Amino acid sequence: MRILIANDDGIYSPGILALAEVAATFGEVRIVAPDVEQSSMGHAITASRPLHFRKTPIGDFEAYRVNGTPADCVALGCSLWERVDVVLSGINLGLNVGNDCWHSGTLAAAKQAALLGLRGIALSTRVDDGVEPDFDALRPCVHEVLEELLAGGDWPLLNVNFPARPQGIRWARQSVRHYRGQISPQKDPMGRQHYWFGVRAVEETEEDTDRWAMENNLVSLTPLRLDLTDESQLEEMRQKDALSLHGHRNL
Ligand code: MN
C-alpha cells in the first residue's frame, strides 16, 4: 500500500513524524508537506505562482517540503508519485471538530485526495495550554484506528480526532453549531491597533457528535462527503416554486 502523508502544521511538525511512523507499519510512506505552517488555510490552492518542492530529511522517510498549501501538497504528491492508495493528513496539533472543518487545512489535504478519487483521512489531536501532545502515548490508538480504516471500506473521506487520553472509539456526526467569530482588538508594541480572529461555539454540545466524543475522551471517526447540497432544502424549494418545472425555471 502506498501512503502519502501531508499536514497543515508544516513538514517539521512532530505530528507528521508520529503519523508517518505508525503508517509505515501498513505500507510504503512518502511525506509531502508545506514548508511553513498553513493552519486554517482551508482548501486554498496556489494558482497564481509556480510551486516547487525540495527533498528534506524527516526521520528515515522520503520527504519533500513544498512552498504551497496542504491541498497543493496532496495534488503535487499524487501527481508525482504514481498509484497512491490513500492520503493521511496530520496528526494536527489541535482538534478539528464541528465548524473547524470549514477552516482546517488538515482536513483540506484529505479532501484533496477525495477530489482526486482517492481515499483521504484527516487526523487531529488536542493541544492543551500550548503543551505538545504526547504522541508516544497516542501511538497505539492511532495504530488501532488506521488498522481498522485501512483494512477496507469504500468511504472517500474521514475526519478523525483524538482526545489526549482516549478511552474508546466512536463513529460520530460532525457537530454543527453556530459560532461567534470574535475579532479581538489589541495594540502592537508600536501602539497600533491590530486584531485576532478567535472562534467560540455558542450552543451546547450535541450528543454523538465529534465535539461530544472529545468531551467524553473518545476518538471520533466522522465520514464526510464532498457534495454539500442540502437535499431536504432542495426538495422543499422545488415543491414551493410554482413556476418550476422539473427543477428548472423556463424564462
Ligand atoms: Mn494545523
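Both ligands and their constituent atoms are indexed starting at 1 by order of listing. In this text, all values refer to a predicted model and were calculated from it rather than measured experimentally.
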Restricting to N/O/S atoms, is Glu37 within less than 2.8 Å of the Mn ion (ligand 1) or not? no
In Å and rounded to the nearest 0.5 Å, what is the CZ to CD distance from Arg173 to Glu206? 6.0 Å
Are any N, O or S atoms from Ser39 nearer to the Mn ion (ligand 1) than 2.8 Å? yes
Give the name of the N/O/S atom in Asp9 that lies closest to the Mn ion (ligand 1). OD1
Sole residue of Asn7, Asn159, Asn92, Asp9 in side chain to side chain donor-acceptor pair (under 3.5 Å) with Thr106: Asn92
Let me check your reading of the structure: within less than 2.8 Å of the Mn ion (ligand 1), is there an N/O/S atom from Ser40? no
Step by step, would you call Ser184 with Gln182 a side-chain hydrogen bond (donor to acceptor under 3.5 Å, both in side chains)? CA-CA 6 Å; Ser184 307; Gln182 285 178 319; 5.5 Å; no
Could you state whether Val22 and Met1 fall into the same hydrophobic cluster, counting links through intermediate Ile, Leu, Val, Met, Phe, Trp or Tyr residues with side-chain heavy atoms under 4.5 angstrom apart? yes
Among the N, O or S atoms of Asp8, the one nearest the Mn ion (ligand 1): OD1
To the nearest 0.5 Å, how far apart are CD in Glu21 and CZ in Phe135? 11.0 Å
